[in-house]
Amino acid sequence: MTILTICPVPKEQRPLEEYKALTQSWFFSYASKGKIKLTRTLISSWIATIPLALLISTGSIDLRMNISKLIFISFFSSILMPIIILLRQLLGWSYIFKRLVSEKVEYEETGWYDGQTWEKPLEWKEKEYLIAHHEVKPVLNLVKESIVMTTLALILLTIFYCFFY
């Protein structure tokens, strides 16, 4: 039985619509397409950042004199791009998760100065709760796991650098 609910929240500010927009976004859809797609994107961003890091690193006279150190530092500093991408993914997916599991929807009718709150009907709560826990939570877990793995790689490279350079 579907009950017609009059919702004062503008369509683009409804949590379910925000979720749909996030999954259709080219940037945020990487994480929702699975581990392989996210890993490819992170590796691609890392590789694409290496030439820029090499260019910046050549500004150091000390690094120009030691090519292996120059290359290592460039590879090392390029890992920051995947970490930034993952942090942005985490922020976006966490925001949507919180909006979906919330009992109330905060919205603006005409601008930032007239914020309102509307309590979701039970039917909306149930549907959005299921989407949050079965669609969004696995993506959040994947992003968190990727952040841990990337940070671990950064730490291991730091340890390697300390011992061998």
Inset, instruction - Run the numbers on L86 and L38 for side chain to side chain contact (heavy atoms under 4.5 Å, CB included), then give the verdict. - result: CA-CA 9 Å; L86 285 169; L38 181 61; 4.3 Å; yes

Heavy-atom pair with the smallest gap, counting every atom of [X] and [Y]:
X: V101; Y: H133; result: CG1-NE2, 3.9 Å
X: T58; Y: L70; result: N-CD1, 3.8 Å
X: V9; Y: R14; result: O-NE, 3.1 Å
X: S78; Y: P82; result: O-CD, 3.2 Å
X: S94; Y: L140; result: OG-CD2, 3.4 Å
X: R99; Y: E128; result: O-OE1, 4.3 Å

Inset, instruction - List in chain and number order the residues that pass side chain to side chain contact (heavy atoms under 4.5 Å, CB included) with I84, two or more places apart in sequence or in another chain; answer none if no residue qualifies. - result: none

Inset, instruction - Verify whether the ring centers belonging to F72 and Y161 lie closer than 6.0 Å. - result: yes

Supply the atom-to-atom distance [X] [atom1] to [Y] [atom2], rounded to the nearest 0.5 angstrom.
X: L22; Y: S29; atom1: CG; atom2: OG; value: 9.0 Å
X: I50; Y: I79; atom1: CD1; atom2: CD1; value: 8.5 Å
X: I85; Y: S45; atom1: CD1; atom2: OG; value: 3.5 Å

